[in-house]
Amino acid sequence: TYLYTYYPTLVFSLYTSASSSTSVSVNYVDSANNITSIEHPLSMTYGNLLKTYTIQLDETKFRQSTYIDLKIPSVGSLRYNVIKPINAANETEVRRVYWYNEYNGVSFFDFTGGRTESRKENLEYYEKQEFDFYNNTNSREKTKVYDKRIGIEVKHTSHYIDKNGVYLFYSLQNSKRAWIEMNGIRYYINVTNLEINESSNTSHIYTARINYDFSRPDID
């Protein structure tokens, strides 16, 4: 499947019994197929046999690139398509969604399309006693709120993707553990719906839209 990234930070997982790698070669490939190779340090987040790594890319080279190729020793190449144009999306609306994939590794996708957020009230009531009904001539009340929970539902759309990029969303849909990160805090989400739509103007070009609820909606 095709992989995509909007931010110059990559996260990937590898099954390996070798000692933790400290660096990886990254090829920055521009639209003219010019290649600039840079060695970048790896940061291992966690893992024993299944290790998860984070790479911080060169931001200037990243902005000039069409593809990012990771040259992983003893494994091969891993290519990411750079979502273009950079900075065209509303930065306040972009969200990177992470999830544990079918192999228990970490996958991600940067949603840069339209985003809507709705807050749903889930109320639990109780009925008050009415012994003072005839004494309270200036007010009328029967039910009171016992508990109020505000659920947050988000609908977020991707940029235009190739047919080969669709399978990544099936992995997300099947995952039981997904999250986003904001201000250094991990917020777990529950993906409730997935829609894949083919563009009406061009064949084999698609957009994906997911619906998700926050597991614990205590954010602004």
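All values derive from a computational prediction rather than experimental measurement.
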Between Y100 and W179, ring centroids under 6.0 Å = yes
ask   = Taking 4.0 angstrom as the limit, do E93 and R95 come out as a salt bridge?
value = no
query = Does the S13 side chain pair with the main chain of V106, one donor and one acceptor, at a distance under 3.5 Å?
reply = yes
request  = Verify side-chain hydrogen bond (donor to acceptor under 3.5 Å, both in side chains) between K71 and S77, making sure each step is shown before the conclusion.
outcome  = CA-CA 5 Å; K71 314 295 286 187; S77 296; 2.8 Å; yes
inquiry  = Ring of Y206, cation from K163 - is the NZ or CZ under 6.0 Å from the centre and inside 45° of the axis?
reply    = yes
message = Using the rule given for side-chain hydrogen bond (donor to acceptor under 3.5 Å, both in side chains), can you reason through S25 versus S37, listing the C-alpha separation, both sets of side-chain angles and the distance that settles it, and then say yes or no?
response = CA-CA 7 Å; S25 179; S37 184; 3.1 Å; yes
message = Closer than 3.5 angstrom, by distance alone: can the side chain of T36 be matched with the main-chain N or O of Y28 as a donor-acceptor pair?
response = no
key: Within 6.0 Å of OH in Y7, more than 12 heavy atoms from elsewhere   = yes
ask   = Donor-acceptor pair, N174 side chain versus Y170 backbone, under 3.5 Å?
value = yes
note = Heavy atoms of H40 and Q56 approach each other most closely as ND1-O, 3.6 Å
ask   = Would T112 and D110 count as a side-chain hydrogen bond (donor to acceptor under 3.5 Å, both in side chains) if you check the C-alpha gap in whole Å, the side-chain angles of each, and the deciding distance to 0.1 Å?
value = CA-CA 6 Å; T112 60; D110 296 330; over 6 Å; no
request  = Only counting residues at least two apart or in another chain, list the ones meeting ring-ring contact (aromatic ring centres under 6.0 Å, His included) with Y4.
outcome  = H159
request  = Is it possible for you to check whether R177 lies under 6.0 Å from the centre of the six-membered ring of Y188, through NZ or CZ, and within 45° of that ring's axis?
outcome  = yes
key: Donor-acceptor pair, side chain of K84 and main chain of R63, under 3.5 angstrom   = yes
Heavy-atom donor-acceptor pair, N81 side chain to L3 backbone, under 3.5 Å = yes
query = Can any side-chain N or O of N101 pair as donor or acceptor with the backbone N or O of N104 at less than 3.5 Å?
reply = yes
